[in-house]
Structure formats: C-alpha cells, structure tokens
Amino acid sequence: MTDLLDIDGCVGLSLLVDRDTGRCVATSSWETQKAMRASEGKVPALRKRMADAFGATDLTNDEWEVAVMHRLHRAPVGAFARISHLRGAPRSDQPTQIFTSNLPIFEGFSGFCSASLLLNRDSGRIVSNVIFDSAEALASAGERSTQLRTKAANTMDAQIIEVAEFELALAHLRVPEHV
C-alpha cells in the first residue's frame with residue numbers, strides 16, 4: 001500500500017474480500033487519467049507482488065470512471081459491501097442520474113456508509129458499490145436493494161450480470177465526493 005500511495009497521483013486503494021471463496025477485489029484510484037497512465041511503469045510490479053502474496057491464479061485488471069462517489073461517513077472496521085455488475089449503455093448520463101436519484105434511499109438504510117458508481121463507457125459495464133457498517137446492515141437492506149437494482153436495470157435496459165457481497169478489508173480512498 002505504501003509503495004502505491006507513493007506514486008504521484010494515487011488517491012488511495014481499497015480491498016474487498018470474500019473469505020469463503022478467496023475472491024478479492026483490489027482497487028486503486030487516481031487523481032486523473034493522465035496520472036493513472038503515468039503510473040503504468042510502476043503499478044504492474046506492485047500488482048504482481050500483491051497477487052503472489054494472495055496466491056492469486058486468476059487476475060484481471062479493469063479501468064473505471066468514478067461517476068458518483070458519496071459518503072455519509074467513513075466505513076468502520078467490519079464494514080461490508082454489495083457490488084452489482086450490469087451491462088448496458090453507459091455512454092449516456094442515465095446510469096448516473098438513476099444512481100444519484102437513489103442516494104436518498106440508500107442513506108435511509110440502517111448502517112449505510114457510502115455508495116459509488118463506476119462506468120466503463122467503452123464496454124458498457126456499470127458497477128455500483130454500496131458499503132454498510134456491518135454484515136447485518138448489509139443483509140437487512142438486501143430485499144430493498146434488489147428491488148432498486150432491478151428497477152434501475154429495467155429503466156436503463158441493462159442486464160444484471162452479477163451481485164456479490166464482500167468484507168471491506170481495507171478502505172484507504174481519498175476520492176473526493178462526486179455526486
């Protein structure tokens with residue numbers, strides 16, 4: 001983490017883990033796309049070192065635009081995340097508008113910490129990430145979250161690819177509020 005944060009333009013990193021399956025999602029964030037591109041000579045070695053330390057055999061590297069970042073408060077130790085992957089047409093502003101319109105509903109969930117929306121406009125992929133302060137809070141929002149996700153996907157004519165839940169093992173992001 002220290003080596004990554006020492007690279008100019010890095011604004012943090014997070015790590016989501018599913019201890020039952022061994023699946024991990026590590027995310028680094030950058031001030032600008034230019035800063036991210038400038039790091040390309042240094043980051044692959046750090047990525048390999050992390051993959052080796054975790055014993056990872058299947059590694060993918062995706063790039064995302066942070067379309068929305070909203071924090072009600074910082075996530076505590078023991079926080080959990082629900083990640084929803086969709087495929088649609090994110091070249092429009094519709095995913096951002098729908099997600100932003102749902103933020104007041106998310107804030108009403110017991111234990112809500114933060115929510116973010118990531119887009120890969122080239123591939124049409126959309127990822128929402130909603131963080132709760134505990135596994136219990138995540139579970140209690142499950143049914144309503146499913147309803148919101150299904151309605152949003154239908155409105156966008158998007159396909160829900162996957163919904164996964166993870167422990168938030170590391171949250172060291174300094175990505176500014178972006179709504």
Restricting to non-hydrogen atoms, name the atom on [X] and the atom on [Y] that form the minimum distance, rounded to 0.1 Å.
X: P104; Y: S101; result: CD-O, 3.4 Å
X: A137; Y: G111; result: CB-CA, 3.9 Å
X: G88; Y: A158; result: CA-CB, 3.9 Å

Side chain to side chain contact (heavy atoms under 4.5 Å, CB included) with [X]: which residues, sequence neighbours excluded?
X: N129; answer: A81, I83, S116, I131
X: L72; answer: E107, F112
X: T96; answer: A67, V68, T100, L117, L119
X: R49; answer: D3, L46

| Tell me, which pairs form a salt bridge (charged side-chain N to carboxylate O under 4.0 Å, His left out) where one or both residues lie in residues 55-64, sequence neighbours left out? |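 For residues 55-64: R37-E63, D62-R125.
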| With sequence neighbours left out, which residue pairs that include part of residues 135-151 fulfil the salt bridge (charged side-chain N to carboxylate O under 4.0 Å, His left out) condition? |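 Of all non-adjacent pairs touching residues 135-151, none passes salt bridge (charged side-chain N to carboxylate O under 4.0 Å, His left out).
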Among residues at least two apart in sequence or on other chains, which ones pass side chain to side chain donor-acceptor pair (under 3.5 Å) with [X]?
X: T150; result: none
X: W64; result: none
X: E31; result: none

If we only count heavy atoms from C-beta on, is the [X] to [Y] side-chain gap below 4.5 Å?
X: V25; Y: T27; value: yes
X: K34; Y: M36; value: no
X: E65; Y: N120; value: no
X: F109; Y: F132; value: yes
X: C113; Y: D133; value: yes
X: I126; Y: R87; value: no
X: L15; Y: H172; value: no

Is there a continuous path of hydrophobic side-chain contacts, each under 4.5 Å between heavy atoms, that joins [X] to [Y]?
X: L5; Y: V43; answer: yes
X: L4; Y: F54; answer: yes
X: L59; Y: M50; answer: no

| query | Any chance the side chains of W30 and S28 put a donor and an acceptor closer than 3.5 Å? | reply |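 Yes - a donor-acceptor pair under 3.5 Å links their side chains.
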| message | Rounded to the nearest 0.5 Å, what separates atom CD1 in I105 from atom CD in Q147? | response |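 If we round to the nearest 0.5 Å, I105:CD1 and Q147:CD are 10.0 Å apart.
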| query | Taking only residues two or more places apart in sequence or in another chain, which ones pass ring pair (Phe, Tyr, Trp, His ring centres under 6.0 Å) with F106? | reply |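 For F106, the residues satisfying ring pair (Phe, Tyr, Trp, His ring centres under 6.0 Å) (neighbours in sequence not counted) are F99.
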| query | If you count the non-hydrogen atoms of other residues, nucleotides and ligands that lie under 6.0 Å from CG in N154, is the total more than 12? | reply |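 Yes, because the 6.0 Å sphere around CG of N154 holds more than 12 heavy atoms from other groups.
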| request: Determine which pairs satisfy side-chain hydrogen bond (donor to acceptor under 3.5 Å, both in side chains) with at least one residue from residues 156-167, sequence neighbours left out, and list them in order. | output: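 The answer is R19-E167, R23-E162, R82-E165.
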| query | Does the side chain to side chain contact (heavy atoms under 4.5 Å, CB included) test come out yes or no for L138 and S140, once each step is laid out? | reply | CA-CA 6 Å; L138 177 87; S140 72; over 6 Å; no
| task | Would you confirm whether D18, through its side chain, and T21, through its main-chain N or O, come within 3.5 Å as a donor-acceptor pair? | result |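 Looks like yes, one N/O pair under 3.5 Å.
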| query | Please walk me through it: do S14 and L170 pass side chain to side chain contact (heavy atoms under 4.5 Å, CB included)? | reply | CA-CA 5 Å; S14 68; L170 177 65; 5.8 Å; no
